[in-house]
Amino acid sequence: MAIGTSRKGTIGILTGGGDVPGLNPAIRAVTFRAIGEGYNVIGIRRGWAGVVDIVRDERYDNSNNFQVLTQEIVDRLGRTGGTFLHTSRTNPSKVSRANIPDHLKGTYNDEKNDLTPEVLRNLEWLGIEYMIPIGGDDTLSYGVRLHGEGIKVIAMPKTMDNDVPGTDYCIGFSTCVTRTIEMTNRLRTSAGSHERLLVLEVFGRYAGFSAMVPTLAGAAHRCVIPEYPFNLDRLTELLVLDRRRNPSRYAIVLVSEGARVEGGEMMFEGEATDAFGHKKLGGIGDFVSRELRARSAKFNGGKTIDTISQNLGYLVRSGDPDALDSVVPMAFGNLALDLLLAKNFGKLVVLQNGRYRSIPIETVTARKKVVNVEEHYNTDRLRPQFRSFEGKPTLIMGDQG
């Protein structure tokens, strides 16, 4: 098929995993620069699913799987939140038998199927020579796979959890922090009016950055994170003390969705897993809320303190991007094109100590990025350490792997 063969070449771009503000500005930045440099750009719809589902027949309507991008299209949508290309959590190297596209049934019959050969043929059919995936470590791990298969890949980190290794910052994180602070400040009026303990569950499966940074900024008194199993009695004691010291008689704790009590495990909504093997987390905030209420009398002269429990969930990943998530995606997109023009492939664009750089894409799968508990988290006080800020990245807790 090969779209636009008279041009310099064709770039494919996609967004995978959870949506965040800043994805559309990133798509806009890549498309504007690429077209200006003489390249065509194809937007792959629904993440890696769009590449898997393509039917290699010019008579077939593949509009659900990809679209040719123009400056007019991306300029209109580039200031908005979410991703107009849509997204999925598809892993082409592990597609279940139930999710095999109809036109490939009969060819792939295992419980889990590696459809990478189809992906490679589909990219060739579209004439895509370069791929720019935007996503978290799951989405980008397949970018690592394609790089190993010879595709010219340049990746961009995106996730509210800010847990892609090798970069201090991921697209979507600043807006997540901004929204969390904003909504915590709104909810504190109810907590104060009723003299309650306010428990807010936030995202963060393995890394607690989305709970730590808002707490560091003063949004909450305490936070519990996946990196350090916490003691419920100690948390209750601290929050009761915070409430007693507060003239408005309330206290707030941010709870990462992946947080665990001492001796306990992560809490899940059910047993179903996504294509990358992750169960859907949920319930730790309500559990902590119930336990705080049940234990509060022990530290409050025998009187029970009521609680308010709220899962901020998708509210912190919705809406328009803030300033940082408008500027960083623009810079990431242009850096990706710089690398492409220099034929420097197999790279992940990153922010390190306030400077834009690129690192090998294999970093994504080489290790995990989590909060450095010893340096940044006070395990007795259950809140961030307020010390040694000199020389730290803008948001304090960068990648130190």
Side-chain angles (χ1 to χ4, degrees), residues 1-17 19 23-24 26-28 30-32 34-78 82-135 139 142-143 145-147 149-154 274-275 340:
M1 182 180 177
I3 296 174
T5 54
S6 64
R7 309 278 284 177
K8 285 186 177 180
T10 298
I11 300 168
I13 186 169
L14 61 79
T15 55
D19 66 296
L23 290 171
N24 286 336
I27 298 166
R28 179 185 186 277
V30 169
T31 304
F32 257 72
I35 290 175
E37 296 286 351
Y39 293 84
N40 291 312
V41 184
I42 293 179
I44 305 297
R45 299 169 66 87
R46 299 175 295 109
W48 294 118
V51 190
V52 168
D53 292 347
I54 286 172
V55 176
R56 295 186 298 274
D57 184 339
E58 294 188 20
R59 297 166 298 178
Y60 185 83
D61 180 10
N62 276 299
S63 60
N64 195 43
N65 299 319
F66 71 87
Q67 68 180 112
V68 177
L69 300 184
T70 65
Q71 291 181 338
E72 290 74 24
I73 290 173
V74 299
D75 195 36
R76 178 168 51 87
L77 298 167
T83 167
F84 75 89
L85 290 178
H86 310 297
T87 184
S88 73
R89 298 189 185 277
T90 298
N91 181 354
S93 65
K94 295 180 181 179
V95 179
S96 67
R97 182 186 299 165
N99 291 324
I100 295 293
D102 289 341
H103 67 285
L104 295 177
K105 289 178 178 176
T107 304
Y108 298 90
N109 299 297
D110 295 335
E111 283 301 315
K112 293 291 183 181
N113 300 269
D114 185 357
L115 299 190
T116 300
E118 302 299 327
V119 170
L120 296 174
R121 294 187 191 104
N122 291 342
L123 292 177
E124 182 181 10
W125 185 74
L126 289 171
I128 291 176
E129 302 168 58
Y130 316 96
M131 274 301 305
I132 301 180
I134 311 172
T139 296
Y142 192 71
R145 168 71 185 274
L146 286 186
H147 169 62
E149 296 284 348
I151 300 297
K152 298 167 182 175
V153 178
I154 300 168
D274 64 19
L340 187 149

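Residues take their numbers from the sequence shown, with the count starting at 1. Small disclaimer: the values here were computed from a predicted structure and weren't measured.
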Exercise for the section: Take Leu123 and Glu149 through the test side-chain contact (heavy atoms from CB on, under 4.5 Å) and record every step on the way to the result. Expected result: CA-CA 12 Å; Leu123 292 177; Glu149 296 284 348; over 6 Å; no
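- Put simply, the side chain of Thr15 never gets that close to the backbone of Gly135: no donor and acceptor are under 3.5 Å apart.
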Problem - CA sep, side-chain torsions, deciding dist, call: Trp48, Val95, side-chain contact (heavy atoms from CB on, under 4.5 Å) - result: CA-CA 11 Å; Trp48 294 118; Val95 179; over 6 Å; no
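- Of the options Ile44, Ile27, Leu14, Ile134, a side-chain contact (heavy atoms from CB on, under 4.5 Å) to Leu85 is made by Ile27 and by none of the others.
- Taking all atoms of both residues into account, the shortest heavy-atom contact from Ala34 to Val41 is CB-CG2, 3.6 Å.
- How far CZ of Arg121 is from CD of Glu118: 5.0 Å, rounded to the nearest 0.5 Å.
- When atom types are taken as modelled, the side chain of Thr87 and the backbone of Gly17 share a donor-acceptor pair closer than 3.5 angstrom.
- There is no side-chain donor-acceptor pair under 3.5 Å between Arg97 and Asn113.
- Atom CG of Asp53 and atom OG1 of Thr90 lie 7.0 Å apart (nearest 0.5 Å).
- Counting heavy atoms from C-beta on, the side chains of Phe84 and Leu69 come closer than 4.5 Å.
- Rounding to the nearest 0.5 Å gives a distance of 12.5 Å between CG of Asn99 and CG of Leu104.
- Of all heavy-atom pairs spanning Asp114 and Tyr108, the tightest one is O-CE2, 3.8 Å.
- Pairing each heavy atom of Pro92 with each of Val119, the nearest pair is CB-CG2, 3.9 Å.
- Note that the CD1 atom of Ile35 and the CG atom of Asn40 stand 7.5 Å from one another [nearest 0.5 Å].
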Exercise for the section: In sequence, state the C-alpha distance, the side-chain angles, and the governing distance for Gln67 and Ile73, and then conclude on side-chain contact (heavy atoms from CB on, under 4.5 Å). Expected result: CA-CA 10 Å; Gln67 68 180 112; Ile73 290 173; 4.1 Å; yes
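- Put simply, the side chain of Pro101 reaches to within 4.5 Å of the side chain of Leu115, judged on heavy atoms.
- Of the possible donor and acceptor atoms, none in the side chain of Asn62 sits under 3.5 Å from a partner among the backbone N and O of Ile54.
- In this structure a side-chain-to-backbone donor-acceptor pair under 3.5 Å is present from Asn109 to Gly106.
- In this structure, CD1 in Ile11 is found 8.5 Å from OG1 in Thr31, a value given to the nearest 0.5 Å.
- Counting heavy atoms from C-beta on, the side chains of Thr83 and Asn24 come closer than 4.5 Å.
- In terms of heavy-atom proximity, Arg145 sits nearest to Ser93 at NH1-CB, 3.7 Å.
- Lys94 is not listed as a side-chain neighbour of Tyr142, based on a closest heavy-atom distance of 4.5 Å or more.
- Atoms CZ and CG, on Arg46 and Asn65 in that order, are 5.0 Å from each other to the nearest 0.5 Å.
- Phe32 is listed as a side-chain neighbour of Val74, based on a closest heavy-atom distance under 4.5 Å.
- Closest of all the heavy-atom pairs between Val153 and Pro133 is CG1-CD, 3.8 Å.
- Of all non-hydrogen atoms in Arg28 and Asp75, the two that sit nearest each other are NH2-OD1, 2.9 Å.
- Contact of the Ser96 side chain with the Glu111 side chain is not registered, since no non-hydrogen atoms from C-beta on lie closer than 4.5 Å.
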